[in-house]
Undergrad: 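This structure is in structure tokens; I'll ask about it shortly.
Chain naming here is simple, since letters A, B, ... match the order of the sequence lines and numbering starts at 1 in each.
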Number of protein chains: 4
Amino acid sequence: MYFCKRLLTYKMTEKQEKILNSALELFAREGYNATSTSKVAAHAGVSEGLIFRHFRNKRGLLMAILAEGDKKLKSLFEDIVLESDPIEVIRKSIILPFSVPESEYEFWRLQYKLKWEIEMDYSHKTEPLTMALALAFVKLNYESPQQEAEFLTLSLDAMGASLIKGSMNNSDKMKSFLLKKYGL
Amino acid sequence: MYFCKRLLTYKMTEKQEKILNSALELFAREGYNATSTSKVAAHAGVSEGLIFRHFRNKRGLLMAILAEGDKKLKSLFEDIVLESDPIEVIRKSIILPFSVPESEYEFWRLQYKLKWEIEMDYSHKTEPLTMALALAFVKLNYESPQQEAEFLTLSLDAMGASLIKGSMNNSDKMKSFLLKKYGL
Amino acid sequence: MYFCKRLLTYKMTEKQEKILNSALELFAREGYNATSTSKVAAHAGVSEGLIFRHFRNKRGLLMAILAEGDKKLKSLFEDIVLESDPIEVIRKSIILPFSVPESEYEFWRLQYKLKWEIEMDYSHKTEPLTMALALAFVKLNYESPQQEAEFLTLSLDAMGASLIKGSMNNSDKMKSFLLKKYGL
Amino acid sequence: MYFCKRLLTYKMTEKQEKILNSALELFAREGYNATSTSKVAAHAGVSEGLIFRHFRNKRGLLMAILAEGDKKLKSLFEDIVLESDPIEVIRKSIILPFSVPESEYEFWRLQYKLKWEIEMDYSHKTEPLTMALALAFVKLNYESPQQEAEFLTLSLDAMGASLIKGSMNNSDKMKSFLLKKYGL
DNA sequence: AATGAATGAGGGTTCATTCAT
DNA sequence: AATGAATGAACCCTCATTCAT
């Protein structure tokens, strides 16, 4: 594994965090390939060499960001996965993309970008959500719970993408439309 | 506009086409930023300089590809947009992503990649489809035809993405599920 | 093989030759590792990128130099190898290191440097000389012609090294001493 | 002078010795320029900074190694220089390169490497040997004792180099050949 | 004595692009 | 139309070295 062990502990030097934040911002804005390590260093107010001392690689830097991101993702899904009421599972899932605070758009844009830029396998990350939804649809006696769950997951993912790209005009309407569509 | 005038005419030299095809393939596979003009030239069996003679820029090369792609996209939508039977509009829309031949995956992968890599505005391209669907849903007395159309468009886009990435296990099931969902 | 094909033909661009000459000079003076490609480029009055266009690698540049050097080496040995008179073979061999013009010291210093710096296999290059000497010693009924030849080759190599390093005080005396030692 | 004072005393910390040994090994194997201080530190299991605390410089580290090596060299020559019997002087000299244990090849390879890599003046180190030989040849009434001594020194040096590089096939034959050549 | 964070300069190499032919 | 020589800027990364702890 590439990413620095320190990341997994709670101790991280100030500069290390600056690098990580700058990289997240720039990767998310310009893309991974289009962002040079020197730009990251400059943005973080740090010598370029330090990036490599802490993260070995440009790739290692990316992995460190993704590792941190995965934790965020898991905690987001946790609330849904642990929910026992199927109605609530669906409601919370639908609400999810619409309740992401703008401050986190950066992180999500990066996820979407990387999904395509570096052919990152992303589908397994949403799997817990799909499974929770499938279970909920089973409980609610839907005819094809698995397809239903997969479809909803993909659609919500698409909603999220649309929101982040700013190409959805009326997100509130879309949210309530979806809730109604699933009888909520 | 950057792209070479020749593109708009129907005459294109053999080498010009080779460049275009190679660029499409490489951009789609590796991404725009990660593909160097020298790689394109080598893959096309052409001198690097020729790319710039014909397309001015690396960006111009990209634009030329996209221009050609837009035509393909339009012709795909045409059949749907011109359909008057609302049921057929919906059916054809749903079927669309599932009936893209694998030989065209490359082109579509490029579209998806660029959507994120160069923050390409893509939503307007699907607008004709959304409008056709909205009209269909109006005719069929759906409650929120506009949201319905937007939602379906986004979802189908997501289906397409999933198909191309190879992360959809059972596309046939998903297709028939969708058709049934819309009462077809 | 790394080195540019052009080297083997007689056509070489002016700048290509400048690069080669500069590299020879600098590699010989400072050593291969201690000489940066940027130094070579500056010394040759050429952009650094050009080095890589023509020789692919820093290593490729080195190989190109060595390839040219090998030809020089072979032509030096040719006169000895083709000699049929055993006395002459020995005489010419002994004289060889002492008759290298100072203008070629650079090239030879590079050979010696590389022999150690990059663990270059060098012994096979002197093999033709050893064989010619062995044959001569056989003809002259020496007791251990093979050892005699190997010993002389190694010793002459050492003479050459000493000469090039400037650590031999009286090369003329040494030359005549050697000639006398072998009865010439 | 660069090298750490501690070297000249007989007390050296464990880590200091580890550094020295690692540096010797790596310099000998890869060359001085091609070996980074970080590699040395890693190989020695020591922080990189410690190298500079103890040896000031990368160069200082090298000097420390060479200083230690010089002692080894002197003790090797001592036995020859103190010998009064001229026959024995020559015999011991000839035997010298052939009796270096393989465990010391590393050290000698470094000497040879540095001779060329950093244009290290090496000839003065062999001077005591040359002088001892010259004296021996005088005693034995050789015609040109000085040349004879210089020649033998250089040749033996070349033997050593050949042995270390592994390019001498039959070292035993060569040794006895040499002994016979000098009437021993 | 020893560490590890931090740096600035420079390493080799690739880049998109221009130009003479 | 087409080539290939040529460039300068930027690329990712490693270097020897310093410093606070």
Side-chain angles (χ1 to χ4, degrees), chain A residues 4 6 12-16 18-19 33-41 44-61, chain B residues 6 12-16 19 33-41 44-61, chain C residues 4 6 12-16 18-19 33-41 44-61, chain D residues 6 12-16 19 33-41 44-61:
Chain A
C4 171
R6 302 293 299 263
M12 227 194 297
T13 64
E14 201 191 342
K15 304 220 171 190
Q16 219 164 335
K18 270 190 197 165
I19 293 173
N33 280 308
T35 303
S36 67
T37 49
S38 79
K39 273 188 223 157
V40 174
V46 150
S47 76
E48 200 178 351
L50 194 57
I51 294 179
F52 297 90
R53 190 161 228 309
H54 283 311
F55 305 98
R56 165 125 77 238
N57 266 356
K58 192 189 173 185
R59 189 106 195 164
L61 177 55
Chain B
R6 301 293 301 262
M12 228 194 296
T13 65
E14 199 192 343
K15 303 219 171 190
Q16 222 163 334
I19 293 173
N33 280 307
T35 303
S36 66
T37 50
S38 80
K39 272 188 221 157
V40 174
V46 152
S47 77
E48 205 176 346
L50 195 56
I51 293 179
F52 294 87
R53 185 159 212 330
H54 283 314
F55 304 96
R56 166 129 73 222
N57 262 353
K58 192 188 173 186
R59 189 101 193 169
L61 177 56
Chain C
C4 171
R6 303 291 301 263
M12 227 195 298
T13 63
E14 200 192 342
K15 304 220 169 190
Q16 220 164 333
K18 271 189 195 164
I19 292 173
N33 281 308
T35 304
S36 67
T37 50
S38 78
K39 273 188 222 157
V40 174
V46 150
S47 76
E48 201 178 351
L50 195 57
I51 294 178
F52 296 88
R53 192 163 226 309
H54 283 312
F55 304 98
R56 166 123 79 240
N57 267 355
K58 192 188 174 186
R59 189 106 195 164
L61 177 56
Chain D
R6 302 294 302 261
M12 228 193 297
T13 66
E14 200 193 343
K15 303 219 171 188
Q16 222 163 333
I19 293 173
N33 280 308
T35 303
S36 65
T37 50
S38 79
K39 273 189 220 157
V40 174
V46 151
S47 76
E48 205 176 346
L50 195 57
I51 294 179
F52 294 87
R53 184 153 210 338
H54 282 313
F55 305 96
R56 166 129 74 221
N57 262 352
K58 192 187 173 186
R59 191 101 193 168
L61 177 56

Undergrad: Where do A:T35 and A:K58 come nearest, in terms of heavy atoms and distance?
TA: O-NZ, 2.8 Å
Undergrad: Rounded off to whole Å, could you give me the CD1-to-P distance for the D:I19 and F:dT17 pair?
TA: 14 Å
Undergrad: Within the pair C:H54 and F:dG4, is there a side-chain N or O less than 4.0 Å away from OP1 or OP2?
TA: no
Undergrad: In terms of the nearest nucleotide of DNA chain E, which residue is placed more toward the 5' end: B:N33 or C:N33?
TA: C:N33
Undergrad: Rounded to the nearest 0.5 Å, what separates atom NZ in A:K15 from atom CD1 in A:I51?
TA: 12.0 Å
Undergrad: With both distances under 3.5 angstrom, what nucleotide forms a Watson-Crick or G-U wobble pair with E:dT17?
TA: F:dA6
Undergrad: Return the pairing partner of F:dC13 with a 3.5 Å limit on both distances, Watson-Crick or G-U wobble; otherwise return none.
TA: E:dG10
Undergrad: Just to confirm, is there a sub-4.0 Å distance from OP1 or OP2 of F:dA6 to any side-chain nitrogen or oxygen of C:R53?
TA: no
Undergrad: Please compare B:G45 and C:G45 by the position of their nearest nucleotide in DNA chain F and report the one closer to 5'.
TA: B:G45
Undergrad: So which nucleotide from F:dT7, E:dA6, E:dT7 ends up closest to the side chain of C:S47?
TA: F:dT7
Undergrad: Which heavy atom of C:A41 sits nearest a heavy atom of C:S47, and at what distance?
TA: CB-C, 4.0 Å
Undergrad: Would you state whether a donor and an acceptor, one from the side chain of A:E48 and one from the base of F:dC13, lie under 3.5 Å apart?
TA: yes
Undergrad: Give D:T37 one of three labels, base, sugar-phosphate or nothing, depending on what nucleic acid heavy atoms sit under 4.0 Å from its own.
TA: base
Undergrad: Strictly below 4.0 Å: does C:S36 bring a side-chain N or O up to OP1 or OP2 of E:dG11?
TA: yes
Undergrad: Between P on F:dA5 and CZ on C:F55, what's the gap in Å once rounded to a whole number?
TA: 11 Å
Undergrad: Tell which nucleotide pairs with F:dA1, taking only Watson-Crick or G-U wobble pairs whose two distances are both under 3.5 angstrom.
TA: none
Undergrad: For B:T37 and B:E48, does a side-chain donor sit closer than 3.5 Å to a side-chain acceptor?
TA: yes
Undergrad: Rounded to whole angstrom units, what separation is found between the NZ atom of C:K15 and the P atom of F:dG8?
TA: 9 Å
Undergrad: How do C:L50 and A:F52 order along DNA chain F: which one's closest nucleotide is nearer the 5' end?
TA: C:L50
Undergrad: Can you check the B:K39 NZ to E:dT14 P distance for me, whole Å?
TA: 10 Å
Undergrad: Can you check whether B:A34's main-chain N or O pairs, donor with acceptor, with B:K39's side chain at less than 3.5 Å?
TA: yes
Undergrad: Is the shortest side-chain N/O distance from B:N57 to OP1 or OP2 of E:dT17 below 4.0 Å?
TA: yes
Undergrad: Would you say F:dA6 has OP1 or OP2 under 4.0 Å from some side-chain N or O of C:T13?
TA: yes
Undergrad: Using every non-hydrogen atom in the two residues, find where B:F55 and B:I19 come nearest and quote the distance to one decimal.
TA: CE1-CG2, 3.7 Å
Undergrad: Please state how far atom CD1 in B:I51 lies from atom P in F:dT3, giving the value in whole angstrom units.
TA: 11 Å
Undergrad: Is there a side-chain polar atom (N or O) of B:S38 under 4.0 Å from OP1 or OP2 of E:dC15?
TA: yes
Undergrad: Specify the residue among C:K58 and A:E14 whose closest nucleotide of DNA chain E lies further upstream toward the 5′ end.
TA: A:E14
